[in-house]
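Atom set for the values below is all heavy atoms of this structure, side chains included, hydrogens, waters and symmetry mates excluded. Quick note on labels: first sequence line is chain A, next is B, and so on, each numbered from 1.
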Amino acid sequence: MKPAPFVHHAPTTVAEAVEVLRAVGSHGKILAGGQSLIPILSMRLASPEHLIDINGVAGLDRIEVRDDCVRVGALVRHTQLLQDESAYAALPLLRQALVHVAHPAIRNRGTTVGSLAHADAAGELPSVLALTEGVVEAVGPRGSRDIPASAFFVGPLETALAADELAVAVRFGRFPEGTRTGFAESARRSGDYALAGVALAITLQDKVIRSARASFVSVTDVPDVLDLSGAIGSYAAVPDLDAVADAVRAHVSPDTDIHATGDYRRMLVAELTRRLVTELLSR
Amino acid sequence: MTTRQFGQPIKRKEDPRLVTGGGRFLDDLGHTAYAAAFVRSPHAHARILDIDVTGALDVPGLIGIWTHEDLPGKVGEPLPLLIPHPSLTAPVTGYCLAPDEVNHVGEAVVMVVAVDRYAAEDACGLVRVDYDVLPPVVGLENARAATDLVHDSAPGNVAAHLVQEVGDVDIAMAAAPNRLTLDLQIERSMCSPMEGKGVYAVWDADDEHLRLWSSTQTTTGVRAAVAAKLDLPLAKVDCIAPDVGGGFGVKIVHPWPEEVLVPWTARLLGHDVKWTEDRREHFVSSAHERGQLQQVEVGFDDDGHVLALDVRLWHDNGAYTPYGIIVPIITSTQLLGPYKPGSYRCEFWSLYTNTVLVTPYRGAGRPQGVYAMERTMDAIAAELGLDRAEVRSRNFILPEEMPYDHGLLFQDGRPLKYDSGDFPASLAKLKALVGWDEFAAYKEQAASEGRRVGLGIGCYVEGTGVGPYEGGHIVIETSGRVNVATGLTTQGQGHQTVFAQIVADELGVPIENVFVTTGDTRRMGYAVGTFASRAAVMSGNAIALAARQVKAKALRIAAEALEVSPEDLEIVGGMVRVKGAPGTSMALGTVAVMSNPLRYAFDEAARAATQFAGGNDPDKPPVAAGEEPGLEGKDFYSPTQATFANGMHAAIVETDPVTAEIRILRYCVVHDCGPMINPMIVEGQVHGGVAQGVGGALYERMVYDESGQLLNASFMDFLMPYASEVPFIETDHLETPSPLNPLGIKGAGEAGCIPVSAVIASAIEDAEGFPIRSMPISPTELWELRQRHTEPVAAQGEPS
Amino acid sequence: MTGPDVPEPLHEVTVSVNGVRHTATVPARRLLSDFLRHDLALTGTHVGCEHGVCGACTILVDGAPMRSCLMFAVQARAHELTTVEGLGTIDAMGPVQQAFSECHGLQCGFCTPGFITTITAYLEENPDPTAEEARDAISGNLCRCTGYQNIVKSVLRAAEIRASADLGAPPLIDADARAGEAPP
């Protein structure tokens, strides 16, 4: 299990990285944390001729908390974001989800933006980007553009990024005041990809539910958002858990794999959501 | 006064080296060696039509490429059938490189050697092999149906068929007032040591000598096999096991193809060659175990006494049978556990499939047998409405019935005769440990809180320390250093420590002075290997016997020098001294000097031993008749039969009423391996075994699709438990000595994993109220079972 | 460009490992784990799966545990690497190494270096973990021998040794890890 040969490019600016990307086109692959990519290379499931290693690119390792979002640069490691107190204060969902990403040694190297660019429907972060109505900032030979989450995830392991585009940052949207968030998942072993997971945001105003929205892990092809505001009812004291579970079951389309059947995952994600609603409303 | 080392939880001598990065594992050797890699079959069953290596020939760093037709003489012949058996009527073994047919995904077809593994894999990727794909036989149902055959030479896919019967089962069954039938299934798992296999070979052309390191559980076996394959005199082959990163059974099989090919290419090329198995190779080209279908019919009286037990097993042996049919033989005999059915018949079929071959994995057939027996015990209890522990105890063999002969032949071809054990006492300890009698109240309380909990139990007896023999060799140097060698290998069991404990006690020397070497044919040429929980029993006793020889010799020599009778001497703290007069003494090192009369003096000690040093009796030869120079001893231990350890486990599990997630709340073990040499190490063995058992019960399986692809050949998808999945393990010990060996000990290596699937199945069954008949079990499977048993039922048995 | 018959370009890589600068010339694809083990002959770091799951190859990169099989050697420039060899010697074992030896935290010893590096970094940030936290802290590393119980015990013991480093090590906790890790 050793990677095939490749040409290693180590740009130091975004412009250089983009120039390499332009030159090598679809023969290149961006290497950031590499925690998903390098196993694929070692198993020779992919053998790109060029790796554009962005770890030396200046300015991509910053977390910025803004009024409407938390902006995370492409070299911010999961651990860095997880431990960032201002990011947690601004958007607790980030930490709530990140603690479920693999294990600490992986989180120390793996990048949050890289996970999103990998777009594994079993990953935690795509669901977070979807639920926060986040935006991916892409730079390519044709310039910069913002790609909203709803357009970013095209299919399993497939994004709207062009082969010559680099995701330089993402902006996770912040929730309105009075929003409670949570993240729950169930995996066979700690740190494994979840059999099913849910990210949830419930906005309350004086014990009245103004909005309830969820996105999911491992049970939808792409992480989209389910609006549960109707199903859950208005009063925080008596949420309609059965209606929530029904709505979740109707929304998801989980596959069967070697670890669980689709039917099981459907049940599981509905139950995880039900329990998470109860937990958030009883905080 | 020196404390007896036997029985002390002393720290391991091997650890300071291993915790500081000083281990020497296989791939830590030979940095300049060429690297081997293999093109392996992507198909489960296919004919090889053509192999084209031309694309690979220009790979930079390539050294050589070989296919089957390049292999000369015995290298190209089938690999040996290591353990023949009269009932193994259609044995088939593989080749080093497949000649014309492949029989499982992962079978080696082409060998590549290059300057490093990267280049070797580059070349492998450019070799083209054309296959004609044949219908694969995957799974026991398909093997039994035999619509397609794995090997034409094995009709019905049957490798072996064996029946053993004690008493007349048909008559006893017909007469039994109650009868039940259980159809059971247990899935495959694998040893999966953290270090895969590996071989490193150095050929000394000047000396025509092969030195071979293998991550193996038997160096003498590998040495003999390689010498035979390469037509080398045994004296020209050394085999050494360096530090071995876990074995659990897979490394007892030998020679693996790579163990032949790596030394063969090293000789051919005149250059060191090394192969380090990677994780993917380990999944598809080593060995698996456990897969069986079982059908149990049991007849019993109204008190739960088993009158007749009729068991039929279908055992999946994979593509080849190099290790014979040890696994199903053990299942069929050790199934009986601590019980004495009135009559017993076991019939098994060992069947070929186009999957990775099946050889012993820790427990080696016992987990399957215990699973069958213990599911049966629970079913009897449910049928009669009796307490599950009570039903078991009514069927126990009692201490006063020892030795107890079951009338069957065990895996070593010798009678299955238990030597020791106190099963009622073990059960009493287990019930106390887990709180058996209090559980009903706890369960009721939990139910009132909406929680579902269950208590499970499983009992086993394990034949350990099978022969034929092991040896011990001891030399005491003039410095007082004690060198101990035994031929079997070590993979983490702490042999350097426990054998040193034995020697320290026997010789009366400080343990710091004792240095143990294992698995090096240069130091001990006669040995069998480490498997079947045999190392402590076999080598421990052999080393004790060798130490007694050395001690007797030391006392003889010292007695002469001190002009006393040997009976008046003792050795304490490395000093030979007169009992009751410790002032009259000499160091053991001095005795070593005296034991070896020298012509040449090269240091202070040697000077004392030369012929001109004075004190020599001119009328006697320097070495007395019947003596040999040196303070050295060698002895072997060869038992007439195995010694039987036993244990009983109980677990409390909680199942989520909605999601069917399964959590082990408590796991309790009572274990009896006789007197423990080092209780800390025994505990560690039990912990590790239970963790593997938990893996096999709840997480691990080998998922093949119908085409014979192993779908979970990675640590991502083969769910070996992390710490988060393993429960805290509570232990208690009974120490019933074996009457069979000088130290009175029994093996402990495999024990922990043996009953775990049975115990967890029992506990889940108790929590859920419906029978569990297939293991391992995942949440998704439990959830589906619930759909099928929508109405929880109290009775767990199935009507006969 | 590289192709089947063109030698790969080589990179001179200088890294600092356990405070010592090492230089070797390797292709870009050389995994950091292989670089340490075979180019620098620091074989204390072990390779158990080469896909980032088992944790045997865990080293400290600027003090943080990372999988050395999931980095390339060329990416390790400008980082301070610590391997198990850098955490103590036979005569002067580090606290985690000492604890493993005292608590029988290892059997075959193959996975051990990855645990020791992981736990060393963990205790830097969490010097006084509970048994439950200790178990959680080691849950990203696979061990096939020990069943983990004595590794949990070793984490707790290492915390004790660290805490009393200036006072001399206290006697070994004699109770089973049970004292700290009681069943529910």
Okay, B:Asp717 and chain A: the region with an atom under 4.5 Å from a heavy atom over there is both
Ring centers of B:Tyr722, A:His103 separated by less than 6.0 Å:
yes
Bottom line for A:Pro39: the part with an atom under 4.5 Å from chain B's heavy atoms is neither
Check this for me: does any side-chain nitrogen of one of B:Glu277 and B:Arg40 sit under 4.0 Å from a carboxylate oxygen of the other?
no
Pair count under 4.5 Å, heavy atoms only, with chain A: among B:Asp656, B:Val703, B:Asp705, B:Leu711, highest is B:Asp656
Bottom line for B:Glu784: the part with an atom under 4.5 Å from chain A's heavy atoms is side chain
*asked:* Determine whether a donor-acceptor pair (N or O, by modelled atom type, separation under 3.5 Å) exists between the side chain of B:Arg280 and the backbone of B:Ala713.
replied: no
Applying a strict 4.5 Å limit to non-hydrogen atoms, the region of B:Val658 in contact with chain A is both
Donor-acceptor pair, distance only, cut-off 3.5 Å: does the side chain of B:Asp27 make one with the backbone of B:Thr276?
no
Within the structure provided, determine whether A:Val244 and A:Arg274 are in side-chain contact (heavy-atom separation under 4.5 Å).
no
Applying a strict 4.5 Å limit to non-hydrogen atoms, the region of B:Glu121 in contact with chain A is both
Assert top hit (heavy-atom pairs under 4.5 Å, partner chain B, pool A:Leu272, A:Asp257, A:Asp263) equals A:Asp263
Going through the distances and angles, do A:Arg283 and A:Glu279 end up as a salt bridge (charged side-chain N to carboxylate O under 4.0 Å, His left out)? CA-CA 6 Å; A:Arg283 263 186 205 158; A:Glu279 188 203 318; 3.5 Å; yes
